[in-house]
Amino acid sequence: MILGFNIGFLEIGWVDIIDIFLFAILLYQVYKLMKGSVAIKVFLGFLVLYLIYLMVKAAEMELISNVLGQFMGVGVLAAIILFQQEIRKFLLLLGRTSIFNEGNLFDNFKSIWSSKGNYQKADVTPLIEAAKTLGGTNTGALIVISKNSELKFFAESGDRLDAVISKRLLMAIFNKYSPLHDGAVIIYNNKIIAARCILPVTEREVPAQFGLRHRAGIGMSENTDALVVAVSEETGQISTMRNGTIFHNLSTQELRKAINEYLYEDAKETTSTDNVLKKAKQEGSTKKEEPKKKEEAKKEQPNSPVKESAKAS
């Protein structure tokens with residue numbers, strides 16, 4: 001082991017520091033998954049029970065320590081049963097990265113290291129106009145926008161369409177008398193992939209003003225890297241959900257901004273880095289030119305009075 005430093009009688013190496021750092025990141029991710037859900041209360045209850053077991057064992061109470069000891073002996077299995085939803089979300093969080101998207105694995109690795117991605121210009125105007133009209137008539141709607149995959153697992157739960165996005169089509173789908181209005185619409189690659197799709201409902205505590213439609217949108221944003229747009233049937237207000245966070249009562253301009261930021265955030269990052277590199281190159285070139293200009297100015301200064309005296313004579 002490569003020795004880092006000593007703390008008293010402890011020898012701490014760099015491998016130990018990396019191990020502690022990675023374990024801290026893992027604990028933080030687990031906390032983010034449990035935050036705001038019932039699982040955090042179950043975890044605290046399990047922790048209190050474990051502390052009671054340590055106290056009882058230290059006090060040498062044999063009967064209750066044996067009972068709690070048997071329970072702690074199968075603690076791993078109990079944790080898997082109690083936190084199966086959180087474990088599933090954690091595995092989904094790992095699996096929804098861009099490396100494991102649909103397609104060739106080599107191409108996905110290549111797209112990560114490439115400086116520029118292939119972004120198609122998406123026409124979001126029909127979607128925004130449809131959301132505005134649906135909100136004006138208090139017609140409920142749930143739209144899932146994906147930029148990485150077509151979400152086959154959720155698309156197969158509904159009816160396949162593969163249709164170009166249009167305002168009239170979205171209005172027809174979410175019409176109260178339409179057989180496709182009950183469920184969500186999935187949009188990918190500027191197309192409506194499927195309608196009447198079933199989405200997972202979040203298990204977190206959500207304010208009472210949000211109904212089942214918003215709960216399903218939040219659950220979908222927790223399980224996938226998608227942007228969900230919801231139109232309330234009661235108030236007609238437009239909301240967006242992403243990564244488990246809801247943005248409520250948006251205007252059409254704010255909705256357009258949210259969709260564009262979601263679709264082109266990677267492109268903005270690459271262009272911003274390119275701009276930084278260009279500025280750095282320009283500043284470097286200007287700094288190189290400044291000393292040359294100063295040297296030329298110094299060479300011209302001693303000659304100028306001689307020329308003036310010659311003119312005076």
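The basis for the numbers below is simple: all heavy atoms, side chains too, and nothing from hydrogens, waters or symmetry mates. Being a predicted model, the structure only gives us computed values, none of them experimental. We're numbering straight along the sequence, starting at 1.
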- Are the side chain of S157 and the backbone of C197 linked by a donor-acceptor contact shorter than 3.5 Å? no

- Query: Can you name the one residue among L212, L199, V229, V231 that meets side chain to side chain contact (heavy atoms under 4.5 Å, CB included) with L142?
  - Reply: L199

- Treat each ILVMFWY residue as a node, draw an edge where side-chain heavy atoms are under 4.5 Å apart, and state whether I17 and I25 are in one component. no

- Note on the structure: Smallest heavy-atom separation, H248 atom then F210 atom, equals ND1-CE2, 3.5 Å

- Task: Could you tell me the separation between the CZ atom of F153 and the CG atom of N223, rounded to the nearest 0.5 Å?
- Result: 9.5 Å

- Item | Approximate separation, where rounding is to 0.5 Å, of E60 CD and S65 OG | 9.0 Å

- Calculate, to the nearest 0.5 Å, the distance between atoms OG and CD1 belonging to S146 and I187 respectively. 10.5 Å

- Item | Expected output: side-chain T137 to main-chain L134 donor-acceptor under 3.5 Å | yes

- Item | Hydrophobic cluster identity match, Y53 and L49, side-chain contacts under 4.5 Å | yes

- Nearest atoms (heavy-atom pairs only) where R215 meets R204: NH1-O, 4.1 Å

- Message: In the structure I gave you, are the side-chain heavy atoms of L151 and M220 within less than 4.5 Å of one another anywhere?
- Response: yes

- Over all atoms of both residues, closest heavy-atom pair of V144 and A226: CG1-CB, 3.8 Å

- Message: I want to check something: taking the side chain as every heavy atom from C-beta on, are R242 and D225 in contact at a cut-off of under 4.5 Å?
- Response: yes

- Tell me whether V48 is reachable from Y50 by hopping between hydrophobic residues (I, L, V, M, F, W, Y) whose side-chain heavy atoms are closer than 4.5 Å. yes

- Item | Inter-residue atom distance L227.CG - I259.CD1, 0.5 Å rounding | 6.5 Å

- Compare every heavy atom of S221 with every heavy atom of V228, then report the nearest pair and how far apart it is. CG2-N, 4.3 Å

- Note on the structure: Heavy-atom closest pair (A194 atom, A155 atom, distance to 0.1 Å) is CB-O, 3.7 Å

- Item | Exceeds 12 heavy-atom contacts within 6.0 angstrom, atom CG of L54 | yes

- Message: For the backbone of E62 and the side chain of N66, can you confirm whether one donor and one acceptor N or O come within less than 3.5 Å of each other?
- Response: yes

- Would you say E254 has more than 12 foreign heavy atoms packed within less than 6.0 Å of its CD? yes

- Message: Applying a strict under-4.5 Å side-chain criterion to I, L, V, M, F, W and Y, I'd like to know whether M241 and V201 cluster together.
- Response: no

- Query: More than 12 foreign heavy atoms under 6.0 Å from CG of L51: is that the case here?
  - Reply: yes

- Less than 4.5 Å apart, any side-chain heavy atom of T240 and any of L255? yes

- Item | Connected via hydrophobic side-chain network under 4.5 Å: I198 and L161 | no

- Note on the structure: Closest non-hydrogen contact found for E222 with G244 is CG-CA, 3.6 Å

- Output the distance between atom CG (N138) and atom CD (Q237), rounded to the nearest 0.5 Å. 9.5 Å

- Does some side-chain heavy atom of L127 sit less than 4.5 Å from a side-chain heavy atom of I145? yes

- Item | Gap separating the CG atom of L170 from the OG1 atom of T133, nearest 0.5 angstrom | 10.0 Å

- Item | Working for salt bridge (charged side-chain N to carboxylate O under 4.0 Å, His left out), residues E150 and R160 | CA-CA 11 Å; E150 62 181 32; R160 192 86 180 183; 3.3 Å; yes

